[in-house]
Protein chains: 2
Amino acid sequence: MTGSTENQQAARRSDATRATILAAARERFAADGYEKATIRAIARDANIDPSMVMRYYGNKAGLFAAAVAIDPGLPSLSVEPREAIGRTLVRHFLTLWEENGELTALIRVGATDPAAAERMQSVLREQLIPLARRVGPAPEQAPARAALCASAVLGLALTRYVLRFPESMALGHNEIVDWLGPTLQRYLTAPTP
Amino acid sequence: MTGSTENQQAARRSDATRATILAAARERFAADGYEKATIRAIARDANIDPSMVMRYYGNKAGLFAAAVAIDPGLPSLSVEPREAIGRTLVRHFLTLWEENGELTALIRVGATDPAAAERMQSVLREQLIPLARRVGPAPEQAPARAALCASAVLGLALTRYVLRFPESMALGHNEIVDWLGPTLQRYLTAPTP
DNA sequence: TACGTTTGCCAACACGCGTTGACCAACAAG
DNA sequence: CTTGTTGGTCAACGCGTGTTGGCAAACGTA
């Protein structure tokens, strides 16, 4: 409450710099992981001084938190036919992954940083498990079924976007949907084997 | 040739230290990744001086290379019935992963180090693709089918041993084989969807 | 014009890193 | 006992890191 009429923060002159830093940070974290993505390198990419990063984001951990603060919300799947959920999910994750590299950064960093790993786990807990509970046969199996789906999707992301196996990068979108779709469908809805 | 009768290297007094260093290095690399697993920390675990690591392994890269110098050879699958390859493969990888942590280290480091990533890729090329070519329907599809298998297996390893999702760690061995077995079986042998 | 705030750059700090070379103790051979 | 080799410790180097505080220019306002 500043007493002024403006309720939300006024647009500051430095917002452009803030955004530039954040964009450079996202690229560097996605490409190099946490330790190798140095503040100096990010600042060099953004054409500013390293001390500006500290001023605007506090410290390196704060920068990373701001860089990966996105929410990969699942689409409204309630309108989908139950037999197509697998394919729809794969398509959703595929486009999600290709259009913003924060998710690649999250895997790269999560491989060594427990905090980032927990952030990924929260997506599992708050989105994938509830979905499995809605569409699956037995509610108490939802965590296991969701975990299997996560392993399938993250496995593809790992080989394709992180490790960059040529054989995995060569797969076309439709090919991936055709192969992984039935897998997720089975993990979610098939009876216990 | 030293002129002595012994042809192969004699057992040296320092072999115990060498082994201790290597064991500590494996644990640290698996737990922390390449950058956070410092030579000083590894030496502290092994109760020796950091300079010994340099003397015996040259430099940090050499230490890591020695720590992950293992060959996850596939068992002789030619004797297996063709319909059980999926389940057999899953069981094989599962035991492989649990009894030596080098593979976890390889994923953790491969997430940020291209050299380690290439080492993983070589397993795909030299073992999984030939297998897919032997058991699959169309030889030219072998790389794609093998890449899908790798994504399934590595995805489970990622969520279970690297990110350590509780929901993934809670899965029992038989449960994993029952769910992932048919997936690999389909990736390897099913007709193109 | 004068003044306080914002935006940015520069130089430096303390720290931990990989790595090196000098030095000492234990052992084997003469 | 003497001598050369091996196993191991210690202290230090150069470097890059995250982080800090001071100072100069640009800006908005009166």
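- The OH atom of B/Tyr57 sits 18 Å away from the C1' atom of C/dT19 (whole-angstrom rounding).
- Side-chain contact between B/His92 and B/Val153: absent, with no pair of heavy atoms (C-beta onward) separated by less than 4.5 Å.
- Taking atom NZ of A/Lys36 as the reference point, atom C1' of C/dG18 lies 15 Å away to the nearest angstrom.
- Side chains of A/Ile107 and A/Met120 form a contact here, defined as non-hydrogen atoms less than 4.5 Å apart.
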- prompt: What is the per-nucleotide protein-contact pattern of nucleotides 18-23 of chain D, from the 5' end, where B denotes a base atom under 4.0 Å from a protein heavy atom, S denotes such proximity for sugar-phosphate atoms only, and - denotes neither?
  reply: BSBB--
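- Using a cutoff of 4.0 Å between basic side-chain nitrogens and carboxylate oxygens, A/Asp178 and A/Arg87 are scored as salt-bridged.
- One finds no side-chain N or O of A/Ser14 lying less than 4.0 angstrom from the OP1 or OP2 phosphate oxygen of C/dT6.
- Relative orientation of the A/Trp179 and B/Tyr187 rings is perpendicular, given thresholds of 30° and 60° on the angle between their planes.
- Using cut-offs of 30° and 60° on the angle between ring planes, the pair B/Phe64 and B/Phe29 is perpendicular.
- Of the residues in residues 19-31 of chain B, none lies under 4.0 Å from DNA chain D by heavy-atom distance.
- We find that CG of B/Asp15 is positioned 12 Å from C1' of D/dT6, with the value rounded to whole Å.
- The shortest distance between side-chain heavy atoms of B/Ile85 and B/Leu184 does not fall below 4.5 Å.
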task: Report the C-alpha distance between B/His173 and B/Glu98 in whole Å, list the side-chain angles of each, state the deciding distance to 0.1 Å, and finish with yes or no for side chain to side chain contact (heavy atoms under 4.5 Å, CB included).
output: CA-CA 11 Å; B/His173 279 212; B/Glu98 307 235 314; 3.0 Å; yes
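- To the nearest angstrom, P of D/dT17 lies 11 Å from CD1 of A/Ile42.
- Whole-Å rounding puts the A/Arg44 CZ to C/dC9 C1' distance at 16 Å.
- When the options B/Leu156, B/Leu154, B/Leu158, B/Val162 are evaluated for a side-chain contact (heavy atoms from CB on, under 4.5 Å) with A/Leu154, the one that passes is B/Leu158.
- B/Phe64 has its CZ atom 17 Å from the C1' atom of C/dG18, to the nearest Å.
- Rounded to whole Å, atom P of C/dT20 lies 15 Å from atom CE of B/Met52.
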field: Residue pair B/Tyr34, A/Glu35: steps toward the side chain to side chain contact (heavy atoms under 4.5 Å, CB included) verdict
entry: CA-CA 10 Å; B/Tyr34 192 80; A/Glu35 339 274 339; over 6 Å; no
